[in-house]
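All remarks here apply to the structure that follows.
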Amino acid sequence: MNNMLPKYFIFINSYDESILKNNNTNLGVIYRNYSKKININEVLLIRRYCRKKGYKLYISNNFEAAVRSKADGLYIPSFNKRIFHTKFYSPKNFKIIGSAHNLKEINKKIEQGCSTIFLSPIFKIDKKKNSLGISRFNLLTHNLNICFVALGGINKKNINQLKMLNISGMAGISFYKKNRPNKLGRFYKYF
């Protein structure tokens with residue numbers, strides 16, 4: 001499996017030092033902003049901060065911006081079905097990661113060259129009617145030789161359940177915003 005990837009991931013849509021401040025260097029930052037065009041200067045600011053802190057930076061849905069900003073990789077969201085031909089001209093150690101919600105999307109991410117797949121939602125979230133749950137998550141990931149990251153609905157009450165999953169990491173959006181980084185240290189021991 002891929003041990004060069006961080007164990008914890010956070011999604012951001014703009015430079016926000018209060019969210020990025022963290023003492024854990026095993027952190028991956030995924031910059032995704034679907035409401036406006038990518039501002040390369042903002043991406044460079046985020047990259048500079050990530051390098052200073054030892055974080056890995058992944059740019060969502062924009063291979064050109066990821067390469068141009070010298071990010072650590074590309075994040076392909078579940079709605080993107082396009083094949084990126086990155087193996088011919090991507091930088092050394094450039095990683096492709098992506099997200100999926102079901103087996104069909106998992107197979108598409110593998111076809112797209114993803115080395116790690118964020119599978120979601122593991123637990124119930126407001127914007128989705130259904131969640132995968134522990135059993136379905138394990139069934140979907142069983143016998144697949146790829147790293148999986150748990151995403152969606154992770155909170156203080158259910159974080160212990162991550163121990164029951166075959167995952168290489170966890171990711172959060174609201175989890176990290178609600179639990180400011182100075183409070184996160186105690187959660188990092190869970191898997």
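For the residue pair L132 and H101, the shortest heavy atom distance occurs at CD2-O, 3.8 Å. Heavy-atom minimum distance, K109 versus P77: NZ-O, 2.9 Å.
I159 and I125 end up in different hydrophobic clusters when Ile, Leu, Val, Met, Phe, Trp and Tyr side chains are linked at under 4.5 Å. The same ILVMFWY cluster, assembled from side-chain heavy atoms under 4.5 Å apart, contains both I122 and I146.
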Checking E105 against K108 for the salt bridge (Lys or Arg N to Asp or Glu O under 4.0 Å) test, could you report, in this order, the C-alpha distance in whole Å, the side-chain angles of both residues, the deciding distance, and whether it holds? CA-CA 5 Å; E105 289 178 0; K108 178 51 88 174; over 6 Å; no
Show your reasoning for whether side chain to side chain contact (heavy atoms under 4.5 Å, CB included) applies to L45 and N41. CA-CA 6 Å; L45 181 66; N41 291 327; over 6 Å; no
Between S168 and V149, does a side chain to side chain contact (heavy atoms under 4.5 Å, CB included) hold up when you go through it step by step? CA-CA 6 Å; S168 61; V149 173; 4.1 Å; yes
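In this structure a side-chain-to-backbone donor-acceptor pair under 3.5 Å is missing from N160 to K163. Remark: the backbone N or O of L165 is not paired with any side-chain donor or acceptor of N138 at under 3.5 angstrom. No donor-acceptor distance shorter than 3.5 angstrom exists from the side chain of D72 to the backbone of F94, with no hydrogens or angles considered. Side-chain N or O atoms of K53 include none that pairs as donor or acceptor with a backbone N or O of L27 at under 3.5 Å. Although no hydrogens or angles enter the test, the distance criterion places a donor-acceptor pair under 3.5 Å between the side chain of N158 and the main chain of N155. Side chain of N33 to backbone of N13: a donor-acceptor contact under 3.5 angstrom is found. At least one donor-acceptor pair under 3.5 Å links the side chain of R47 to the backbone N or O of S69.
A heavy-atom distance below 4.5 Å is found between the side chains of L119 and I106. Under the 4.5 Å side-chain criterion, counting only non-hydrogen atoms from C-beta, N62 is not in contact with V43. For the pair I117 and S99, the minimum side-chain heavy-atom distance is 4.5 Å or more. No side-chain heavy atom of Y15 sits less than 4.5 Å from a side-chain heavy atom of Y31. By the 4.5 Å heavy-atom criterion applied to side chains, S60 and F11 are not counted as neighbours. You'll find the side chain of I76 reaches within 4.5 Å of the side chain of I96, heavy atoms only.
With no hydrogens or angles considered, no side-chain donor-acceptor pair links N80 and S78 at under 3.5 Å.
Within 6.0 Å of the NZ atom in K70, the count of heavy atoms belonging to other residues, nucleotides or ligands does not exceed 12.
Taking the six-membered ring where the residue is Trp, F9 and Y58 present tilted rings, their angle falling between 30° and 60°.
Just one residue in the list Y75, F137, F148 forms a ring-ring contact (aromatic ring centres under 6.0 Å, His included) with F118, and that residue is Y75.
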